[in-house]
Structures are given as structure tokens and as C-alpha cells.
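Just below is one structure, and these are the notes that go with it.
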Number of protein chains: 2
Amino acid sequence: MINVPTAIPAFQTIKDFLLREIQAGTWKEGDAIPSEAVLAQQFKVSRMTVNRAVRELTSEQILNRIQGSGTYVAQQKYQATLVAIKSIAEEVRARGHAHRSELHELIEVEASESLAQQFQVELGQKLFHSVIVHFENDVAIQVEDRWVNSILAQDYLAQDFAIKTPNEYLMAVAPLQGVDYSIEAVMPPKLIADMLHISSKEACLVLHRKTRSQNQIATIVTMWHPGSRYQFTGSF
Amino acid sequence: MINVPTAIPAFQTIKDFLLREIQAGTWKEGDAIPSEAVLAQQFKVSRMTVNRAVRELTSEQILNRIQGSGTYVAQQKYQATLVAIKSIAEEVRARGHAHRSELHELIEVEASESLAQQFQVELGQKLFHSVIVHFENDVAIQVEDRWVNSILAQDYLAQDFAIKTPNEYLMAVAPLQGVDYSIEAVMPPKLIADMLHISSKEACLVLHRKTRSQNQIATIVTMWHPGSRYQFTGSF
DNA sequence: TAGTGGTCTAGACCACAGC
DNA sequence: CTGTGGTCTAGACCACTAT
């Protein structure tokens, strides 16, 4: 068979066909779809082409494949809302606004018992601590309270965070391995409220994040946002 | 060449190799990696096998490919924290706790001007409104205030939400097309505070979500959580 | 024009499931 | 045993980029 070039690749045509039929209800959750051999015959393509179409839909969680058995329509993706939280500077700039930051603290400390435990390091281990307030068009929108494992980011104290945020610096020196996070709503301590120029009666949206790199805890950060002028948003 | 079966497929071996070299810094962001032809020769496999390895890494955002030019190491994935928010019942059960819900309202209404606008429907269009309080081990953790497009979920009023949450019902009748969401920290109105059995001085973590299905707005929901006993958490 | 990726073929052998 | 998916080949032609 001669390969006839078309605008749309054959494997894409097959993917579209399968998606359309699933959407239309021809095959419901758990139903088997036609085998590769059958689809290859129907579309007059080689089995490898069908294989690619079906394999990609499988990696997209649309289908399940069981070797020796068949290909089935996957369960509806579990009802979860995925929230993507970008770095603050990136986000502000993406909105076309001006980002500025104010460094309130940048010191070296020895790990207290509590910090040592959180970082899973020895008591007294050298850590860095920075407190930075981020502004969008000169309005404070985030207090970033960060603890950094000195082993993974030795030059942390020498950075100019007006140019490169801690986030950006850490991403460069310590490739991300994993993240734990939590988001909560709390009333701010006076210190935080002052830095954000808000009342301590205003709720804050707080993101805690702990990142791992090279099998160690790289950084533990708490980000405070004034509830009245900051929210996590997105769509997909 | 005879195909020698091994535990690890050849394309996977090549993926692993490329990932290892990238991690080791052999090629940095923006650098070109060897061409398919070169890799095929090195690994003594056909170009198609190399192609699969490289194509998959590209779909995983590890590499960028430019036709006619080459394959390059992609930029470090932008520093985003992905938060997955599950349905409340699912989440509570996953923790091994008891989930229970209380129905506070379940009515049919005509869309007000504001609602009609949010749903992008005609003024007076039939909508459903439900208010449900969710409990974890008899402690209120969520007020779910939901508006539903009646066209997409005609049997909404007839559901027993003690058995199947609105979320679960809607997922079944209206396949999800897209989601807009926002998360914020606010002080609760008295009505909400009462339903959660908290003080109206306690910050609430609020998730707004608007879902689309069949090219219409399917449902708009606001979920209120007491800041003192609820947070979004996760890891990856 | 030479080199790259993008796609496709018509076979092949294997592992596994289900009868 | 048959039918399924899992993988791989050794070519091929095309579209695009860079020189």
C-alpha cells in the first residue's frame, strides 16, 4: 500500500474516530472497542498505525488495554479539580502587571529541634531563612516565608531575589523530585498582617509547600496571601 | 536483525538512557540530543524504536522536537504546584472516616439576571439549587452550595444525595468538558457559619467551581470549609 | 542540498487471556 | 488453541530547517 500524504495523519484520524464514538456513546465505560486488527482493516492502515492511536489514547487515560484480552473504555476520570499554582512572579507577569519584591530577612540559622525534624536533618544543621514580600503593582499580595536546606543551595545567601525569585533559583540548582503541599484559610499573625498591609481580622489564603530534591528536603515554604485580593484560579 | 525478547523493551531502555543523561547534565536545557539516526545506530535498533522513545519523552515535556532541526532538552517544567481536589465524599472515605450529608435545600428556581448571566442562559431559565452540608465523623466540614443547569440534569431533584453526591450524579449524566475554579479565603456569612457550626469570625476556605458539559455551563458550585478543620492537601 | 523529524508499511515474534 | 495486545524491523516517502 502506498502512503498517501494527507493533512491529518492516519493515527490522528483513528484517535478522533474513537473519541467521537466514545463521546457519542457507541461504547460506554468498560465496553471493549474493536481490536487493532479490525480497526486496521476498517481504516485500511497497518496495525502499527492503529497501535499508535490506541496507545496514545491509553496514555491519555481514555482507554485501558489488557494484553491478551482487549481494549476497553476507561472509567470516567475521577472527579478531581486540578489546581496549578505557578510561581508568584511568573503569575503576576503573565497578567501583564509589575512584580516587585521586598527582602525582609535573609539569614543563616542552625536548625532548631522542630526545624530539624521537619527537614529530617541533624539538630543544628545549617539552614537558610528568607522572608520576602511580593507586590503586584505595588500592592502586597504574598509573604513568602522560606527555609532552605543549605546543602542543596549553598549560594542561597548570595542571590539577588529581586532578579531571580527563590523559586527560580532553587529550581535551577536542585531539580525537583517531589512536593507536598497544603492550602488553608487562617487569620494572619500580626507580623504577617503588617507586611501585607492588611488588618489582622482579614482571612489569609496560605499555601504550605515542602519540596524534595536529591532525596532530601530542599525547602519548606509558607506563602501568605490576603484573602481580599488573592485567590488561586485556573481552568482546564 | 532478530528481535531478542528482554525484560525491558528497547524503547524504554532508550528513554531511561536519555533521562539519565539529562539528569546527569550531559545535555542541558536547550541543548540538542543526538538525532534519531544516531541513536538508532548506537542502540542497534530501528529508527521507529528510537522514534517512540523520543516521541514519548516529548509528550512528557522532557524534550522539544522541531521538524527539520532537531530534538532539544525542554525547559525545566515551570514551577507549578498541582493540587488535585477530590470529591468530598471520596476524600473522607479515603481517610477511612464516615461521610454523612445533610440536605438543607433542593428546589427549582428561575434564573435571576445574575444567574442567567453566569450560566449563559436566558433569563428565567429553569435551574436547580441545592445546599448540602457534608460531615466527616459528624463534624461539619463543607457547605456545598450548588446551582445546576436543568437541561443537563433533568432528574436532579429526584436524586437521593445521601447515596450519591451531586458530584457523582452529575459526572454520570453530563460528561465533563472543562472546569474553571478559584480558591479563596473569606469570612463566612452568618448562614454558612451556622451550618458549619463555627463562629463567623473563623476564616473559611472556599472553592468555586464552574463546569462545562455539552457546550453549556453544567453547574456552578461554591464549597465552604471551616479554616480550622479543613485544608486541601496532596503530594506528587 | 543534506540532515532532521513525521509518518507509515507489511510483515514478524512474543506474552498473555479466555475458552 | 485462537485472538488479543506489546514490541520491533528495515525499509520508504514526506515536510521542514539550516546552510
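Each chain gets a letter, A, B and so on, in the order the sequences are listed, and its residues count up from 1.
A straight line from NZ of B/K44 to P of D/dT9 spans 12 Å, rounded to a whole angstrom. The CD1 atom of A/I33 sits 19 Å away from the P atom of D/dG3 (whole-angstrom rounding). Distance, B/E36 CD to D/dT17 P: 16 Å, rounded to whole Å. A straight line from CE of B/M48 to P of C/dT7 spans 10 Å, rounded to a whole angstrom. What separates CG of B/N51 from P of D/dC14 is a distance of 18 Å, to the nearest Å. We find that CD of A/Q67 is positioned 15 Å from C1' of D/dT2, with the value rounded to whole Å. As a whole-Å value, the separation of B/L39 CG from D/dC8 C1' is 17 Å. Nucleotide C/dT7 holds its C1' atom 12 Å from the CD1 atom of A/I14, rounded to whole Å.
Contact between the side-chain N/O atoms of A/R65 and the OP1/OP2 oxygens of D/dG6 is found at a separation under 4.0 Å. Between A/S46 and C/dG11 there is no side-chain polar atom (N or O) within less than 4.0 angstrom of OP1 or OP2. Put simply, A/T71 has a side-chain N or O that comes within less than 4.0 Å of OP1 or OP2 on D/dG5. For D/dT17, the OP1/OP2 oxygens have no side-chain nitrogen or oxygen of B/S69 closer than 4.0 Å. Residue B/S35 has no polar side-chain atom (N or O) positioned under 4.0 Å from OP1 or OP2 of C/dG3.
For B/R47, taking side-chain heavy atoms from C-beta onward, the closest of the listed nucleotides C/dT7, C/dT4, D/dT7 is C/dT7.
Nucleic acid contact class of A/V54 (heavy atoms, under 4.0 Å, all strands): none.
Although no hydrogens or angles enter the test, the distance criterion places no donor-acceptor pair under 3.5 Å between the side chain of A/S69 and the main chain of A/I66. The closest donor-acceptor contact from the side chain of A/H225 to the backbone of A/L205 lies under 3.5 Å.
Using a 30° and 60° split on the angle between ring planes, B/H129 and B/W147 fall in the parallel class, below 30°. Between A/W27 and A/F17, the ring planes are perpendicular. Angles over 60° get that label, and only those under 30° would be called parallel.
No hydrogens or angles were tested; on distance alone, nothing pairs the side chain of B/R52 with the base of D/dG6 as donor and acceptor under 3.5 Å.
Judged by the 6.0 Å distance and 45° axis criteria, B/R209 is not positioned over the aromatic ring of B/Y181.
Nearer to the 5' terminus of DNA chain C, by closest-nucleotide assignment, is the contact made by A/V45 (compared with the other of A/V45 and A/Y72).
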